[in-house]
Chemist: 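One structure is given below, represented as structure tokens, and several questions about it will come after.
Note that the structure is predicted; figures quoted are calculated from it, not measured. Numbers for residues simply follow the sequence, beginning at 1.
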Amino acid sequence: MLFKRLTGIVRLALQRQAVNGKSFNLGPFARWQIGDITVTKVVEMEGEGFGEFLLPDAERSALASIEWMQPSHLGARGGLKLSVHSFVIEANGKRILVDTNVGNGKKRKVPIWNRMSMPWLEDLKRAGFAPDSIDIVICTHLHIDHVGWNTVLRDGRWVPTFPNARYIFVAAEYEYWKARLDDPARAELFADSVTPIVEAGLADLVDAEEEITPGIRLVSTPGHTEDHCAVKIENGGRTGLITGDFIHHPVQFEHPGWSSSFDTSPDQSVSTRLSMFEELAASETLLFGTAFPTPTAGYVRKIDDRFRFDPMY
């Protein structure tokens, strides 16, 4: 396990050179409809090389036989492709940004994400969403790749990127990590991406099943973090679900027991995945994978007691 993690760190350092400063939104922005609600994806970065760091059981030899994942979700070298992106939900006249990625200039221990300089904010504007037009920001959990663009550095201070937005944090999630600021990495994250929001009076601490606006509510999906949430969308007789990190990659449909290196409760994360997969397979819910590469959205199918992801192209 230690060797895999060290190898992953080296790969991340090399991949940083390949992605830093690059836009991953060169074509039309991906957009989907759930009834009258529009969901738009804006990518910060995407690539192959850190899947085994995140999912240590995902040996390349074990991936080659999963035919339904090829070629969309495996890279040219046979490893997992992953993405870091946000979704913007347009509902009830509101613009709701779900998860804010890694951000620029943040000091991070993960090499690929340390002091990044990405054009994501400019890409968000090109997609039609100026920062001051965002009404709500939802953080599915408080990990570094989900809160980074909460703030930007201005005149030597970290200030809210979306000054007119209410930032939604699950209260128990916030309190859990706030009690663990003896960890230097956690303290850095709070100092540059969470505390400035609270001090600006823009944070709303809510329940893990909170309704945000009619048709948009949080769904408790614990395991990756103790109080992780997903985001459910319902409108016009249709349903969608933004995963957050209760699942990181479609390979986990084939192997629900493969947990992330960063799950706080791996057994709970497996239980959450299995229960959510059953629920999703029994419905026509359009699933939006928060870390899934293109194609990002699709449907969960159950075939002979095994799950798979059916992408929507």
Side-chain angles (χ1 to χ4, degrees), residues 1-13 16 44 50 52-56 84 99-116 137-154 156-161 166-208 210 218 220-230 244-246 248 259-272 290-291:
M1 179 74 74
L2 178 60
F3 175 75
K4 287 182 183 177
R5 191 152 185 159
L6 291 174
T7 301
I9 289 173
V10 172
R11 285 178 178 157
L12 292 182
R16 184 187 187 281
E44 186 177 39
F50 53 97
E52 292 161 34
F53 176 70
L54 182 67
L55 296 173
V84 181
D99 287 331
T100 64
N101 307 323
V102 177
N104 279 356
K106 305 289 173 81
K107 182 181 177 183
R108 300 295 184 240
K109 289 187 176 181
V110 180
I112 193 175
W113 295 337
N114 185 44
R115 300 196 187 282
M116 293 297 290
V137 176
I138 298 173
C139 294
T140 60
H141 60 296
L142 301 183
H143 276 175
I144 59 176
D145 52 330
H146 295 261
V147 301
W149 282 103
N150 282 358
T151 60
V152 291
L153 191 63
R154 187 171 297 140
R157 296 177 56 246
W158 294 106
V159 300
T161 307
R166 302 302 303 176
Y167 286 69
I168 305 297
F169 304 146
V170 172
E173 172 85 357
Y174 173 78
E175 296 298 338
Y176 178 89
W177 292 115
K178 186 181 177 184
R180 287 159 176 79
L181 298 185
D182 53 337
D183 174 3
R186 178 61 45 185
E188 283 177 349
L189 180 152
F190 256 64
D192 61 34
S193 298
V194 177
T195 300
I197 302 304
V198 176
E199 292 181 344
L202 298 181
D204 289 338
L205 303 181
V206 304
D207 183 79
E210 185 84 1
L218 306 185
S220 178
T221 46
H224 181 58
T225 64
E226 295 299 307
D227 296 282
H228 180 281
C229 69
D245 280 353
F246 80 78
H248 286 86
S259 290
S260 165
S261 303
F262 301 98
D263 287 353
T264 58
S265 300
D267 290 344
Q268 177 64 67
S269 74
V270 174
S271 177
T272 292
T290 295

Chemist: Just to verify, which of Asp227, Asp183, Thr264 counts as forming a side chain to side chain contact (heavy atoms under 4.5 Å, CB included) with Trp177?
Modeler: Thr264
Chemist: Does the Ser271 side chain pair with the main chain of Gln268, one donor and one acceptor, at a distance under 3.5 Å?
Modeler: no
Chemist: Distance-only, no hydrogens or angles: does the Ser220 side chain make a donor-acceptor pair with backbone N or O of Ala208 under 3.5 Å?
Modeler: no
Chemist: Taking C-beta and beyond as the side chain, do Thr161 and Thr100 meet within less than 4.5 Å on heavy atoms?
Modeler: no
Chemist: Should Lys107 and Arg115 count as side-chain neighbours, where that means a heavy-atom distance under 4.5 Å?
Modeler: yes
Chemist: Check whether any side-chain heavy atom of Glu44 lies under 4.5 Å from a side-chain heavy atom of Met116, and answer yes or no.
Modeler: no
Chemist: At what distance, to the nearest 0.5 angstrom, does CH2 of Trp113 lie from CG of Asp145?
Modeler: 4.0 Å
Chemist: Quick check: closest heavy atoms across Ser259 and Val270, and the distance to 0.1 Å?
Modeler: OG-CG2, 3.5 Å
Chemist: Pick out which of Ile144, Thr225, Leu54 makes a side chain to side chain contact (heavy atoms under 4.5 Å, CB included) with Phe262.
Modeler: Leu54
Chemist: Identify, with sequence neighbours excluded, every residue that meets side-chain hydrogen bond (donor to acceptor under 3.5 Å, both in side chains) alongside Asn104.
Modeler: none
Chemist: Under the 3.5 angstrom rule, does the side chain of Thr221 hit a backbone N or O of Phe246 as a donor-acceptor pair?
Modeler: no
Chemist: Looking only at heavy atoms, which two atoms of Glu226 and Glu173 are closest? And how far apart?
Modeler: N-OE1, 4.3 Å
Chemist: Between the main-chain N or O of Arg108 and the side-chain N or O of Glu188, is there a donor-acceptor pair closer than 3.5 Å?
Modeler: no
Chemist: Go through Asp245 and His146 one step at a time and tell me if the side-chain contact (heavy atoms from CB on, under 4.5 Å) criterion holds.
Modeler: CA-CA 10 Å; Asp245 280 353; His146 295 261; 2.8 Å; yes
Chemist: Is the shortest side-chain heavy-atom distance between Val152 and Val159 below 4.5 Å?
Modeler: yes
Chemist: To the closest 0.5 Å, what do you measure between CZ (Phe169) and CG (Leu202)?
Modeler: 9.0 Å
Chemist: Using only atom types and a distance under 3.5 Å, with no angle test, would you say the side chain of Thr272 pairs donor to acceptor with the backbone of Pro222?
Modeler: yes
Chemist: Are Thr140 and Thr290 packed together at the side-chain level, in the sense that at least one heavy-atom pair is separated by less than 4.5 angstrom?
Modeler: no
Chemist: List the residues meeting salt bridge (Lys or Arg N to Asp or Glu O under 4.0 Å) with Lys178, not counting sequence neighbours, and say none if there are none.
Modeler: none
Chemist: Could you tell me the separation between the CD atom of Glu199 and the CH2 atom of Trp158, rounded to the nearest 0.5 Å?
Modeler: 14.5 Å
Chemist: Identify, with sequence neighbours excluded, every residue that meets side-chain contact (heavy atoms from CB on, under 4.5 Å) alongside Val206.
Modeler: Ile168, Asp204, Glu210, Leu218
Chemist: Would you call Tyr167 and Asn150 a side-chain contact if the rule is heavy atoms closer than 4.5 Å?
Modeler: yes
Chemist: With a 6.0 Å cut-off (strictly less than), is the heavy-atom count around CZ of Arg157, excluding the residue itself, greater than 12?
Modeler: no
Chemist: Can you see which heavy atom on Asp192 is nearest to which on Leu189, and at what distance?
Modeler: OD1-O, 3.2 Å
Chemist: Measure across Ser193 and Thr151 and return the closest heavy-atom pair with its distance rounded to 0.1 Å.
Modeler: CA-OG1, 3.9 Å
Chemist: Going by heavy atoms in the side chains, are Leu142 and Phe190 under 4.5 Å from each other?
Modeler: yes
